[in-house]
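Heads up, the thing below is written out as structure tokens.
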Amino acid sequence: FGLLVGSLMLGGAACSKSPAAGQGDITVTSSSDAGHTHDVTISGADIENPPAAGKSIDTTYDSGHRHTISLTQQDYQSIQDGEEITVTDSLSGGHTHNYIINK
């Protein structure tokens, strides 16, 4: 975990978000790792009605690969409540990215 936090700091923890196409959707850009970033879109419908089983969401494809993030029902509830959560995606291409998600 200590290495991950160090990587987050060195990689520039500033993740950005923007409105997405769906009602209340949130698109978040990851930290920059291995020279690139990925975007992931969180469904506004899932934020308003957190799935009991959580959900895995694929990121955009970049540099020959994509990643997956996993959000629990509690993660969705935290986002709905206006809290900020940080999620690390799956290992792909020998690295991971971090996403700071909030409304």
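Residues: numbered from 1 along the sequence shown.
In summary, the side chains of Gln77 and Gln80 do present a donor paired with an acceptor at a separation below 3.5 Å, with no hydrogens or angles considered. Looking only at atom types and distance, the side chain of Asp75 has a donor-acceptor partner in the side chain of Thr72 under 3.5 Å away.
One finds the CG atom of Asp39 at 4.5 Å from the OG1 atom of Thr60 (value rounded to the nearest 0.5 Å). Rounded to the nearest 0.5 Å, atoms NE2 (His65) and CG (Leu91) are 9.5 Å apart. A distance of 7.5 Å separates CD in Glu83 from CD in Gln74, rounded to the nearest 0.5 Å. To the nearest 0.5 Å, atoms OG (Ser31) and CG (Asp89) are separated by 7.5 Å.
Counting heavy atoms from C-beta outward, Leu71 and Asp46 have side chains that stay 4.5 Å or more apart. Looking at Ile85 and Ile79, their side chains come closer than 4.5 Å, going by heavy atoms from C-beta outward.
Looking at every heavy atom in both residues, Tyr99 comes nearest to Thr29 through CD2-C, 4.3 Å. Nearest heavy-atom pair, Gly93 versus His95, reported as atom, atom and distance to 0.1 Å: O-ND1, 3.0 Å.
With Val87 as reference, Ile101 is the one residue of Ile57, Ile101, Ile100 to meet the side-chain contact (heavy atoms from CB on, under 4.5 Å) rule.
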- Output, in order, the C-alpha distance, side-chain angles, deciding distance and verdict of side-chain hydrogen bond (donor to acceptor under 3.5 Å, both in side chains) for Ser32 and Thr37. CA-CA 5 Å; Ser32 179; Thr37 62; over 6 Å; no
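Taking the six-membered ring where tryptophan is involved, the planes of His97 and His38 are perpendicular, since the angle between them exceeds 60° and thus also 30°. The aromatic rings of His36 and His67 sit parallel to each other, their planes meeting at less than 30°, with 60° as the upper class boundary.
The backbone N or O of Thr68 lies less than 3.5 Å from a partner atom in the side chain of Ser90, making a donor-acceptor pair.
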